[in-house]
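Taking it in order: structure first as structure tokens, then the write-up.
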Amino acid sequence: LRRSGFPTGVMVQKVDPKGPAAAALRGVTVDPETREVGPGDLIVRVDGEEVKGNAEFARMIARHKGGDAVTLTVKRGDQEIQVEVTLRGV
């Protein structure tokens with residue numbers, strides 16, 4: 001991400017269509033005809049706390065348990081939105 005000009009955050013690669021984030025987040029897409037890759041959402045904050053990278057994001061989520069709700073601040077294109085996601089146990 002840093003090489004692509006994103007100083008912070010984690011890119012959503014794939015979203016489980018049956019998971020709790022399916023309605024809120026978008027993963028990386030590939031156009032079936034042109035094979036052009038579209039970026040996924042970029043998670044930049046969890047509960048208002050800045051996400052600097054994958055390891056930090058994992059630690060932030062690990063502080064919670066299944067059933068907890070977290071607010072993710074997400075960059076989607078030029079927009080920054082907030083989405084609430086209820087975590088499920090792993």
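Just so it is clear, the model here is predicted, and its values are computed rather than measured.
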Shortest non-hydrogen contact from P17 toward A22: O-CB, 3.5 Å
L72 vs L25, side-chain contact (heavy atoms from CB on, under 4.5 Å): CA-CA, chis, key distance, verdict: CA-CA 10 Å; L72 305 176; L25 297 175; 4.1 Å; yes
Nearest heavy atoms of V10 and N54, plus distance in Å: CG1-OD1, 2.9 Å
Shortest non-hydrogen contact from V15 toward R26: CG2-C, 4.1 Å
Nearest-0.5 Å distance that lies between atom OG1 in T29 and atom CD in E36: 8.5 Å
Between CD on residue E33 and CG on residue D31, distance to nearest 0.5 Å: 6.0 Å
Residues which pass salt bridge (Lys or Arg N to Asp or Glu O under 4.0 Å) with R76, listed by chain and number, not counting sequence neighbours: D41
V70 vs L87 side-chain heavy atoms within contact, under 4.5 Å: yes
Residue pair E49 / D47, side-chain heavy-atom distance below 4.5 Å: no
Lys/Arg N to Asp/Glu carboxylate O, R88 vs D68, below 4.0 Å: no
Interatomic spacing from CZ in R59 to NZ in K52 - rounded to 0.5 Å: 10.0 Å
Evaluation steps, side-chain contact (heavy atoms from CB on, under 4.5 Å), between E50 and V44: CA-CA 6 Å; E50 184 177 45; V44 294; over 6 Å; no
Audit row: V74, E80, side-chain contact (heavy atoms from CB on, under 4.5 Å) steps and yes/no: CA-CA 6 Å; V74 174; E80 192 169 281; over 6 Å; no
Inter-residue atom distance K75.NZ - M11.CE, 0.5 Å rounding: 11.0 Å
From CA spacing to verdict: side-chain contact (heavy atoms from CB on, under 4.5 Å), V12, I43: CA-CA 7 Å; V12 176; I43 300 172; 3.8 Å; yes
